[in-house]
Amino acid sequence: MSETGAEKATGSGSESMPDWEKRFRAPRVSLPDWAEDAPQRSLFVSNATGTYELYAWDRTTGAQRQATDRPNGTTDGVLSPDGEWIWWFNDKDGDEFGVWLRQPFGGGPDEPAVPGLDASYPAGLALGRDGRTVVVGRSTDEEGSTIHVVRHDGAGGPDATPVEVYRHRESAGVGDLSHDGTLIAVEHTEHGDAMHSALRVIRPDGSTVAELDDTKGGTVELGLEVLGFAPVEGDTRLLVGHQRRGRWEPMVWDVASGEESDLVLGLPGDVSAEWYPDGSALLIAHDFEARGELFRYDLASRELTRIETPTGSVSGATARPDGTVEYMWSSAAEPPVVRSTAGTVVLDPPGMKAPASVPVEDVWVDGPGGRIHALVQRPAGASGPLPTVFEVHGGPTWHDSDSFAAGPAAWVDHGYAVVRVNYRGSTGYGREWTDALKHRVGLIELEDIAAVREWAITSGLADPDRLVLAGGSWGGYLTLLGIGTQPDAWAVGLAAVPVADYVTAYHDEMEALKAMDRTLLGGTPEEVPGRFAASSPLTYVDEVKAPVYISAGVNDPRCPIRQVENYVDRLAARGAAHEVYRYDAGHGSLVVDERIKQVALELDFADRHMPAAG
């Protein structure tokens, strides 16, 4: 990363820049990906120029090179196993619909990576170690899900004809390609439940080798996920995530023999894993009650050994060939850093450092579906009751954690308490908590938010007349639904890239999200119109009392702009207090200036419309 890039991101006059803005502008890096057969070559994402882009890093020489440069940024990329090529996904202004391009690791022009495939939404990519086998997953509204294999000639050129090996109307994607390129793991939802995948292993000619499906033969819906083939030549072991004990845990499935090796780790939270490079051990990531930790699991001795990390969240980790582990760590108070178990900082971008924020407090509240976990931040030294922002996470299958977030920190800097609720539907609290989100979509989450809101008021934290409901994506959806169904509870609503008109959103969104909505609501808008109506913010728009601010990307394929306009038109027709900001990108922005602008608009809107303290 160049100093000039860091200086551009930092900007002039940083001495007078407020801390909240510095947190967005400070150069950041992602956990570096590395080439399997050339581990000295890495790929990472950084905002060093003010836009999130891909960077190539030669660890031997220390040289770093910006690999992509697009007005709206680039984050979806991968290295070929030999380290010779950078593959990256080229969409149009954030619409997520595009094709794969590739360029030499050392620099050079981009070229179509798979010329025979038309543009689509991506559904997984696996690159063979032989430099010849490529497996590409695609999703389109017309074709559904397809998987294609490209077998290059000895020259490794991108001109081989793609061969379709899988097709289905329901969601599916590429999980992984075995080390020798003879087996392809596919995640699919042919059974129609987009929340719980089954697995199929096929050969490059499309013939089936093995199947694993936990959705059959029981009354409880269980999902599976591909975690990766063993990184050993000829090894047919596949690391799989399962939910058989009520939470995500790993097991080893030998797809040739059918043998399943359960791993009883004794950890209470959700567990994921990846292989150590020699295949002898697993790197275990354990997520429990909004915090993360790492372990090494030796497959021969079955010994689980803790890898020491600070208290907070580990958002990614990888085991290197020398046995060290690199991981991305942060907490609500401390900015993210890429660390190594060797005791070093792996990547330390030059330029301004992000100011610290305040730590989170854990709160547990009894709710209608069980105990609800909330994370609370308040300005240092402040006592309540305070103006309070309920910052609602997206997903919905996601969760807030004790990790660094510039958005909540900005509200704290401006004197607000911030409450983040891991409502039913959130991950990290077991399968039943996540799967509780069915049919009464949106209304279930708002019941949990209401329970935490009541705690915030009665505990003396929050001023009941100065409550803000805010969020992006699914959080934006819950914001609009909340100010409509709980109109007296909120003083201000701030919704970013929201679902606003559920029926129109369904018809306009990408096919994979249609499948998810059918799973959540039990059918299409034509099949279950009552459920869609009950869960749509548009149904309650005439009840909205709070001034509402909405921001939307005009190229958003997830929460498309037409359904937002339908909601805005209804607000305008009755003269409701509202403001709308439309920007030229998709489901969020990768441009730092744009992110700062949006946060500033939200802060200003809340300041102008917030009632005075009583």
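What you see below is based on every heavy atom in this structure, not just the backbone, and it leaves out hydrogens, waters and symmetry mates.
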Any Tyr416 side-chain heavy atom under 4.5 Å of Leu386 side chain: no
Any Val452 side-chain heavy atom under 4.5 Å of Val419 side chain: yes
Pairing residues for Glu143 by the salt bridge (Lys or Arg N to Asp or Glu O under 4.0 Å) criterion, not counting sequence neighbours: Arg138, Arg167
Plane angle bin for Tyr55 and Phe44 - parallel if under 30°, tilted between 30 and 60°, otherwise perpendicular: parallel
Pair Glu190-Arg169, salt bridge (charged side-chain N to carboxylate O under 4.0 Å, His left out): steps then yes or no: CA-CA 8 Å; Glu190 294 174 7; Arg169 285 301 310 170; over 6 Å; no
Test item: Ser403 side-chain N/O and Ser331 main-chain N/O as donor-acceptor pair under 3.5 Å: no
Report all side-chain donor-acceptor pairs from residues 460-468 shorter than 3.5 Å, counting only partners two or more places apart or in another chain.
residue: Asp463; atom: OD1; partner: Asp465; partner atom: N; Å: 3.0
residue: Arg466; atom: NE; partner: Pro611; partner atom: O; Å: 2.9

N/O donor-acceptor pair under 3.5 Å between Tyr540 side chain and Ala534 backbone: yes
Trp398, Tyr423, Trp474 screened by ring-ring contact (aromatic ring centres under 6.0 Å, His included) with His393, the one that passes: Tyr423
Close side-chain approach of Glu509 to Arg558, heavy-atom, < 4.5 Å: no
Side chain to side chain, Pro18 and Asp413, heavy atoms closer than 4.5 Å: no
Side chain Gln563, main chain Ala500, donor-acceptor under 3.5 Å: yes
Expected output: side-chain Arg23 to main-chain Phe404 donor-acceptor under 3.5 Å: no
Ring-face cation contact, Trp88 with Arg70, 6.0 Å cut, 45° max: no
Side-chain donor-acceptor pair present, His399, Thr427, cut-off under 3.5 Å: yes
Contacts table for residues 573-582: side-chain donor-acceptor under 3.5 angstrom, sequence neighbours left out:
residue: Arg574; atom: NE; partner: Val541; partner atom: O; Å: 3.4
residue: Arg574; atom: NH2; partner: Val541; partner atom: O; Å: 2.9
residue: Arg574; atom: NH2; partner: Val544; partner atom: O; Å: 2.5
residue: His578; atom: ND1; partner: Ala576; partner atom: O; Å: 2.8
residue: Glu579; atom: OE1; partner: Arg608; partner atom: NH2; Å: 3.1
residue: Glu579; atom: OE2; partner: Arg608; partner atom: NH1; Å: 3.1
residue: Glu579; atom: OE2; partner: Arg608; partner atom: NH2; Å: 3.0
residue: Tyr581; atom: OH; partner: Glu594; partner atom: OE1; Å: 3.2
residue: Tyr581; atom: OH; partner: Glu594; partner atom: OE2; Å: 2.8
residue: Tyr581; atom: OH; partner: Lys597; partner atom: NZ; Å: 3.3
residue: Arg582; atom: NE; partner: Glu565; partner atom: OE2; Å: 2.7
residue: Arg582; atom: NH2; partner: Glu565; partner atom: OE1; Å: 2.9

Option among Val592, Thr74, Val591 that satisfies the side-chain contact (heavy atoms from CB on, under 4.5 Å) test with Tyr52: Val592
Whether Asp19 side chain and Pro355 backbone form a donor-acceptor pair below 3.5 Å: no
Check: Asp270 side chain, Trp248 main-chain N or O, donor-acceptor pair, under 3.5 Å: yes
Check: His168 and His188 side chains under 4.5 Å, non-hydrogen atoms: no
Electrostatic pair Glu221-Arg431, nearest N-O below 4.0 angstrom: no
Heavy-atom side-chain contact between Leu521 and His439 under 4.5 Å: no
Of all pairs that satisfy salt bridge (Lys or Arg N to Asp or Glu O under 4.0 Å), the ones with a partner from residues 479-504, not counting sequence neighbours: Asp488-Lys545
Glu170 vs Thr189, side chain to side chain donor-acceptor pair (under 3.5 Å): CA-CA, chis, key distance, verdict: CA-CA 6 Å; Glu170 298 292 344; Thr189 61; 4.6 Å; no
Under 3.5 Å side-chain donor-acceptor pair for Glu511 and Ser139: no
Between CG on residue Asp584 and CG on residue Asn72, distance to nearest 0.5 Å: 6.0 Å
Mutual orientation of the aromatic rings belonging to Tyr502 and Tyr477 [parallel < 30°, tilted 30-60°, perpendicular > 60°]: perpendicular
Ser30 side-chain N/O to Val45 backbone N/O, donor-acceptor pair under 3.5 Å: yes
Sub-4.5 Å side-chain heavy-atom contact between Arg420 and Val360: yes
Modelled atom types, side-chain donor and acceptor of His587 and Asp556, under 3.5 Å: yes
Chi angles and distances behind the side-chain contact (heavy atoms from CB on, under 4.5 Å) call for Ser357, Gln377: CA-CA 9 Å; Ser357 186; Gln377 290 173 278; 4.0 Å; yes
Distance-only side-chain donor-acceptor flag, Thr51 / Thr49, under 3.5 Å: no
All side chain to side chain donor-acceptor pair (under 3.5 Å) counterparts of Asp141, not counting sequence neighbours: none
Check against side-chain contact (heavy atoms from CB on, under 4.5 Å), Val136 and Val174: CA-CA 7 Å; Val136 182; Val174 179; over 6 Å; no
Contact check, side chains of Leu481 and Leu446, non-hydrogen atoms, under 4.5 Å: yes
Side-chain donor/acceptor of Gln243 to backbone N/O of Gly223, under 3.5 Å: yes
Reported CG-to-OH distance for the pair Asp517 and Tyr506, which is rounded to 0.5 angstrom: 7.5 Å
Salt bridge (charged side-chain N to carboxylate O under 4.0 Å, His left out) between Arg518 and Glu527, intermediate numbers included: CA-CA 10 Å; Arg518 290 194 297 270; Glu527 293 167 339; over 6 Å; no
Atom CD of Glu164: over 12 foreign heavy atoms under 6.0 Å: yes
Ser171 side chain vs Ala194 backbone, donor-acceptor pair below 3.5 Å: no
Atom pair CD/CG of Glu361 and Asp402 - distance to nearest 0.5 Å: 11.5 Å
Nearest atoms (heavy-atom pairs only) where Ala119 meets Thr140: O-CG2, 4.2 Å
Nearest-0.5 Å distance that lies between atom OG in Ser426 and atom CH2 in Trp433: 8.0 Å
Pair His196, Asp435: side-chain N/O donor-acceptor within cut-off below 3.5 Å: yes
Glu142 side, atom CD; Asp118 side, atom CG - distance, nearest 0.5 Å: 10.5 Å
Euclidean distance, Leu480 CG relative to Leu538 CG, rounded to 0.5 Å: 10.0 Å
Whether Ser330 side chain and Pro335 backbone form a donor-acceptor pair below 3.5 Å: no
Partners meeting side chain to side chain donor-acceptor pair (under 3.5 Å) with Glu602 (sequence neighbours left out): none
Under-4.0 Å salt bridge between Glu447 and Arg424: yes
